Student: 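Shown below is the structure under consideration.
Every value quoted in this text rests on a predicted model; they were computed, and no experiment measured them.
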Amino acid sequence: MRKGKGSARAPVLQFTNCRILRGQRLLREDLWVREGRILDPEKLFFEERVVADQQRDCRGCILAPGFIDVQINGGFGIDFSQATEDVGSGVALVAQRILSHGVTSFCPTLVTSPPEVYHKVLPQIPVKSGGPHGAGVLGVHLEGPFISREKRGAHPEAHLRSFEANAFHDVLATYGPLDNVRIVTLAPELSRSHEVIRALTARGICVSLGHSVADLQVAEEAVQCGAAFITHLFNAMLPFHHRDPGIVGLLTSDRLPPGRHIFYGMISDGMHTNPAALRIAHRAHPQGLVLVTDAVPALGLGNGRHTLGQQEVEVDGLTACVAGVPCQPTPHPLCLVAPALHLPRACPLCSQGTKTLSGSIAPMDFCVRHFLQATGCSVESALEAASLHPAQLLGLEKRKGTLDFGADADFVMLDDSLHVQATYISGELVWQAEEARQ
């Protein structure tokens, strides 16, 4: 065999001493990469008759497809729903920081906002491939404003909208052009929602059901119209009831189109969903489970007040809730003394805050570890819930979320406890833990 170092051939990189997640199994095989793609070593050996130009010892680590986060509202002080002058640089900062969480692709998510925010923000978020600059942007996830008032959660009621006579025109008037939009979350019980679901699906946009009071029949009809996803299962929807399980019932429905199954997001942060609920969902429909962070701008910052779109969020430990509001319209003397502090605990008239959860502050790798521990599922299942399943949801499973031959060489190197040791995009090292450098 020839080494093949001439200019006619791109270099081959071989990852050795590793366990590769492929076909729902961890295989003790080497991973071969060239020009950003996963290679079939048999073709390399027997057809091209070449060996690797470079080898990297993985020290027994797991190589899994890069994580894909289809619902992330921001992080590290960046709020995707804020109409700043340079939205792109904020998205780029988050894209770079989440590499340390093993995320190689993501969907920046905008929560319910006024139309002028969408019109200013959306054109500044380009769909682009990942690399040393950060994780790839697969397209925007628009969560709201066409959602239920009763199940709006942390979405500001003042900016919620419904569909009027020309429903899809209302969508375009609200958001503007949809060229970079990948997912839209809406409530299927809204009048004319079927018309909107069909129109969005025809444009290749994934429709997700969420923030809704829909019963099971309404949810099934939405899926028959093209809806394919459920936004953060159990949260911001009717609770499961044995006579009408609501949207949750889609996991085991027998009225879905032939050959179709539903995907559903779950926030496995230890706060949004009880471990028993995680187990119920996973055991009922494991192949549809998609781990999402639903991370807010407070991700990575710690306790205190932060924004989420048009509202403030109070972070305390592991929880992020809609913050309390300073006393209005007549301020209490304590607030007049120190109005910038807005200390609700010191003022008897100020709101004491709410218990309404407003996203998560857990990174994706934490969610994977918690999901594994809470459900008792296999390591393979936990990893696929953060990689293969979101890729399948978006129709990208030939390129993303897999280490099959020909796929993009986007992968994460993990130790046995599923802590990220390194992240690769297109076969290039883009982040490495300090201990892995030694």
Student: Would you say S212 and I247 make side-chain contact, with heavy atoms under 4.5 Å?
Tutor: yes
Student: Any side-chain heavy-atom pair from T307 and Q82 closer than 4.5 angstrom?
Tutor: yes
Student: Please enumerate all residues that pass side-chain contact (heavy atoms from CB on, under 4.5 Å) together with L388, with sequence neighbours excluded.
Tutor: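 Testing L388 for side-chain contact (heavy atoms from CB on, under 4.5 Å), a comparison that skips the adjacent residues, returns E384, Q392, E397.
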Student: Should V368 and L372 count as side-chain neighbours, where that means a heavy-atom distance under 4.5 Å?
Tutor: no
Student: Apply ring-ring contact (aromatic ring centres under 6.0 Å, His included) to F15 and F411, showing your working.
Tutor: CA-CA 12 Å; F15 293 82; F411 56 92; 5.1 Å; yes
Student: Give the intermediate values and the outcome of side chain to side chain donor-acceptor pair (under 3.5 Å) for residues T185 and T231.
Tutor: CA-CA 7 Å; T185 292; T231 296; 2.7 Å; yes
Student: Would you please name every residue forming a side-chain contact (heavy atoms from CB on, under 4.5 Å) with R260, sequence neighbours left out?
Tutor: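 So R260 forms a side-chain contact (heavy atoms from CB on, under 4.5 Å) with V223, A228, P257.
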Student: Excluding sequence neighbours, so at least two apart, what forms side-chain hydrogen bond (donor to acceptor under 3.5 Å, both in side chains) with R182?
Tutor: none
Student: Quick one about T402 and D404 (side-chain donor to acceptor, distance below 3.5 Å, no hydrogens or angles considered), yes or no?
Tutor: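 On atom types as modelled, these side chains qualify, holding a pair under 3.5 Å.
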Student: Are L21 and L63 packed together at the side-chain level, in the sense that at least one heavy-atom pair is separated by less than 4.5 angstrom?
Tutor: no
Student: Compare all side-chain heavy atoms of D365 with those of L418 and state whether any distance is below 4.5 angstrom.
Tutor: no
Student: Would you say the ring centers of H119 and Y175 fall short of 6.0 Å from each other?
Tutor: no
Student: Mind checking what makes side-chain hydrogen bond (donor to acceptor under 3.5 Å, both in side chains) contact with T375, not counting sequence neighbours?
Tutor: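 Here no residue qualifies.
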Student: Are D79 and N73 close enough that a side-chain donor and a side-chain acceptor fall under 3.5 Å?
Tutor: no
Student: Which value, rounded to the nearest 0.5 Å, describes the distance between S100 atom OG and M364 atom CE?
Tutor: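 Those atoms lie 13.0 Å apart.
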Student: Listing request: all ring pair (Phe, Tyr, Trp, His ring centres under 6.0 Å) pairs with a residue in residues 51-104, at least two apart in sequence or in separate chains.
Tutor: none
Student: If you measure from the Lys or Arg side-chain nitrogens to the Asp or Glu carboxylate oxygens, is any gap between R255 and E221 under 4.0 Å?
Tutor: no
Student: Within the 3.5 Å criterion, strictly below it, is a donor on E143 or Q71 matched to an acceptor on the partner's side chain?
Tutor: yes
Student: Is K400 salt-bridged to D410, going by a charged N under 4.0 Å from an acidic O?
Tutor: yes
Student: State the OG1-CD distance between T84 and Q124, to the nearest 0.5 angstrom.
Tutor: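 Rounded to the nearest 0.5 Å, the OG1-CD separation comes to 6.0 Å.
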Student: Tell me if the CD atom of E85 is crowded by more than 12 foreign heavy atoms within 6.0 Å.
Tutor: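 Result for CD/E85: open.
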Student: Tell me, yes or no, whether the heavy-atom count around Q224 atom CD, taken from other residues, nucleotides or ligands under 6.0 Å, exceeds 12.
Tutor: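 Count over threshold, so yes.
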Student: Do any pairs count as a ring pair (Phe, Tyr, Trp, His ring centres under 6.0 Å) and have a residue in residues 258-278, sequence neighbours left out, and if so which ones?
Tutor: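 Ring pair (Phe, Tyr, Trp, His ring centres under 6.0 Å) check on residues 258-278 returns H261-F263, H261-H285, Y264-H285.
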Student: Stepwise, does the salt bridge (Lys or Arg N to Asp or Glu O under 4.0 Å) test hold for D408 with R37?
Tutor: CA-CA 5 Å; D408 294 346; R37 297 291 181 88; 3.0 Å; yes
Student: Side chains of R56 and T16 only: does a donor on one sit below 3.5 Å from an acceptor on the other?
Tutor: no
Student: Do NZ/NE/NH1/NH2 and the carboxylate oxygens of D416 and R19 come within less than 4.0 Å?
Tutor: yes
Student: Could you tell me if the side chain of V103 sits less than 4.5 Å from the side chain of I68, heavy atoms only?
Tutor: no
